[in-house]
Participant: 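The structure's right below; bear with me while I get my questions together.
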Protein chains: 2
Amino acid sequence: MMDTKILVIEDEIALSDAIKTHFESEGYDVKVAFDGPEGITFFKMYDPDIIILDITLPKKDGWQVCREIRENSSKPIIITSIKGDVFDKVLGLELGADDYMVKPIDNKELSARVKAVLRRCQSQTPQADDEVIRFENIEVSLQKYELKLRGRSVDIPPKELELLYFLASNYNRVFTRDQLLDKVWGFDYLGDSRTVDVHIKRLREKLEGTSEKWVIKTVWGVGYKFELLG
Amino acid sequence: MMDTKILVIEDEIALSDAIKTHFESEGYDVKVAFDGPEGITFFKMYDPDIIILDITLPKKDGWQVCREIRENSSKPIIITSIKGDVFDKVLGLELGADDYMVKPIDNKELSARVKAVLRRCQSQTPQADDEVIRFENIEVSLQKYELKLRGRSVDIPPKELELLYFLASNYNRVFTRDQLLDKVWGFDYLGDSRTVDVHIKRLREKLEGTSEKWVIKTVWGVGYKFELLG
DNA sequence: CTGATTTTTTAACGAAGTTTGCACAAAAAA
DNA sequence: TTTTTTGTGCAAACTTCGTTAAAAAATCAG
């Protein structure tokens with residue numbers, strides 16, 4: 001298998017080091033650039049398969065770098081943004097970014113996203129996308145923003161879908177309300193943790209009686225989990 | 001229960017008073033410093049969980065204070081600045097501030113930000129692998145918050161689970177009630193050591209007859225241990 | 001842009017579950 | 001026996017949870 005090459009454009013050395021070490025341990029080939037112009041140069045020289053690009057960079061910011069890379073190439077780009085940054089999803093997508101993450105970066109999550117993005121870009125059929133979670137009688141697609149129960153499409157608001165998707169893709173694991181706010185609502189979210197309860201309630205209404213094999217369970221004093229039953 | 005300590009470094013007395021009153025009414029412990037050096041001193045003495053730091057301060061400005069705090073600690077810092085101040089977000093982020101607010105300060109928003117920042121800092125940690133403790137017929141997972149006896153999932157309240165987890169992961173070692181209160185309930189817990197007895201009792205009820213190979217044993221005059229037999 | 005509709009968030013309150021303090025009984029050492 | 005330590009039952013205090021309703025925010029259609 002040919003080594004997949006990752007270019008990391010990131011000025012915070014501690015972070016870029018961590019990412020480099022992590023991906024190298026997973027068998028990728030990694031190169032790091034520390035500012036915008038260096039990023040562009042390395043991109044041309046190194047010809048990476050995927051770029052992980054920070055928004056706040058010295059000399060030339062991430063948006064600009066993204067734009068320039070897109071002039072010559074359609075290689076996938078994952079954008080990372082610091083908390084508190086003015087960060088525009090839509091702008092990112094218009095510039096041709098393929099995914100984005102808000103710092104702090106969790107290596108495991110980054111890995112998953114890199115894999116997902118590569119898979120997406122390598123498979124020619126754009127419809128064939130693996131970001132669908134399936135268990136008995138349930139199917140959650142983040143890309144189509146669609147929930148299917150017993151094969152039937154069910155209307156569901158976006159936040160509920162995202163919450164369900166997150167819980168289901170980390171099944172059996174408990175998350176506190178605060179963790180869910182971070183992961184589903186986002187790092188910068190300001191708001192009450194009781195919000196989670198209400199969404200869970202509405203999810204349970206929709207899912208009620210769909211299957212005996214799984215359930216959204218309350219772990220008293222801790223939080224919630226999507227549990228697969230034996 | 002809410003024992004979170006906030007250090008407010010702010011020279012404008014009307015404002016610091018308002019903040020103090022507000023957070024105390026929400027159950028936080030608040031201390032106020034009125035200039036830079038005092039802020040540093042209080043930081044060392046008081047060991048707060050979070051710092052709310054004004055930029056314009058007598059004697060030593062907020063940037064400098066931020067820098068000095070960051071030399072020794074990664075405790076979260078929220079910076080406040082007067083509207084119209086020369087105010088550099090990026091500089092702030094580089095110095096390690098965690099959030100910003102522009103005056104005038106709205107108490108509710110400040111509360112929300114404090115909560116959000118604390119949440120962020122707390123959910124940094126728990127990505128750890130699932131540490132499951134296993135002995136014959138027993139399985140304790142802190143990640144799933146689950147206790148399995150003879151392969152069956154058994155309902156158990158969080159404190160009991162944590163106590164069991166702690167004892168089992170330090171099997172054969174005796175802990176006094178006070179040590180258990182420290183380790184399981186938290187070092188700042190104030191309460192009766194008989195509480196431990198009660199939890200031990202209920203644990204024993206649940207675990208009774210599960211296995212001949214281990215037991216929660218009383219060490220008379222000392223405390224308890226999870227003992228492996230054989 | 002405006003008003004209607006949907007979604008999300010907040011607030012409140014009762015219900016359910018947990019933890020704790022206390023009193024006293026039982027057990028172990030002295 | 002006396003003293004000390006531990007076990008247990010119970011009720012009170014406390015936390016957390018589920019649900020509802022209403023406010024606020026976002027989205028959509030015209």
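FYI, side chains are in, hydrogens and waters are out, and symmetry mates aren't considered; it's all heavy atoms of this structure. Per chain, numbering begins at 1; letters A, B, ... match sequence-line order.
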Participant: Centre of Y46(B)'s six-membered ring, under 6.0 Å away, within 45 degrees of the axis: is that where NZ or CZ of K5(B) sits?
Facilitator: yes
Participant: Output the rounded distance in Å from CG (L180(A)) to C1' (dT9(C)).
Facilitator: 16 Å
Participant: Between K201(A) (NZ) and dT10(C) (P), how many Å, whole number?
Facilitator: 18 Å
Participant: Quick one: label V196(B) by what it contacts on the DNA or RNA (base, sugar-phosphate, nothing), any heavy atom closer than 4.0 Å.
Facilitator: nothing
Participant: Strictly distance-based, threshold 3.5 Å: is any side-chain N or O of N172(B) a donor or acceptor partner for the main-chain N or O of L228(B)?
Facilitator: yes
Participant: Using whole Å, what does the distance between atom C1' of nucleotide dA26(D) and atom CD of E162(A) come to?
Facilitator: 14 Å
Participant: Quick one: is dG7(D) close enough that its OP1 or OP2 comes under 4.0 Å of any side-chain N or O from T218(B)?
Facilitator: yes
Participant: OH of Y145(A) versus C1' of dT6(C): gap in Å, rounded?
Facilitator: 16 Å
Participant: Please encode protein proximity along nucleotides 19-30 of chain C as a string of B, S and -, counting only heavy-atom distances under 4.0 Å.
Facilitator: BBS------S--
Participant: In whole angstrom, give the distance that lies between atom CZ of R177(A) and atom P of dT15(D).
Facilitator: 15 Å
Participant: Can you check whether T176(B)'s main-chain N or O pairs, donor with acceptor, with Q179(B)'s side chain at less than 3.5 Å?
Facilitator: yes
Participant: D178(A) CG to dT16(D) P: how many Å, rounded?
Facilitator: 12 Å
Participant: Which sits closer to the 5' end of DNA chain D, E205(A) or V222(A), going by the nucleotide each is nearest to?
Facilitator: V222(A)
Participant: Which pairs, with at least one residue in residues 164-173 of chain B and sequence neighbours excluded, count as a salt bridge (charged side-chain N to carboxylate O under 4.0 Å, His left out)?
Facilitator: none
Participant: Given ring pair (Phe, Tyr, Trp, His ring centres under 6.0 Å), test F226(A) with W214(A) step by step and report yes or no.
Facilitator: CA-CA 7 Å; F226(A) 185 99; W214(A) 47 262; 5.3 Å; yes
Participant: Please report the distance, rounded to the nearest Å, between CG in D197(A) and P in dT16(D).
Facilitator: 12 Å
Participant: Can you tell me if the side-chain N/O atoms of R204(A) get under 4.0 Å from OP1 or OP2 in dG18(D)?
Facilitator: yes
Participant: Rounded to whole angstroms, how far apart are NZ on K108(B) and P on dT10(C)?
Facilitator: 8 Å
Participant: Taking the six-membered ring of F42(B), is the NZ or CZ of K31(B) close enough (under 6.0 Å from the centre) and on axis enough (within 45°)?
Facilitator: yes
Participant: Would S141(B) and R134(B) count as a side chain to side chain donor-acceptor pair (under 3.5 Å) if you check the C-alpha gap in whole Å, the side-chain angles of each, and the deciding distance to 0.1 Å?
Facilitator: CA-CA 9 Å; S141(B) 161; R134(B) 276 177 241 265; over 6 Å; no
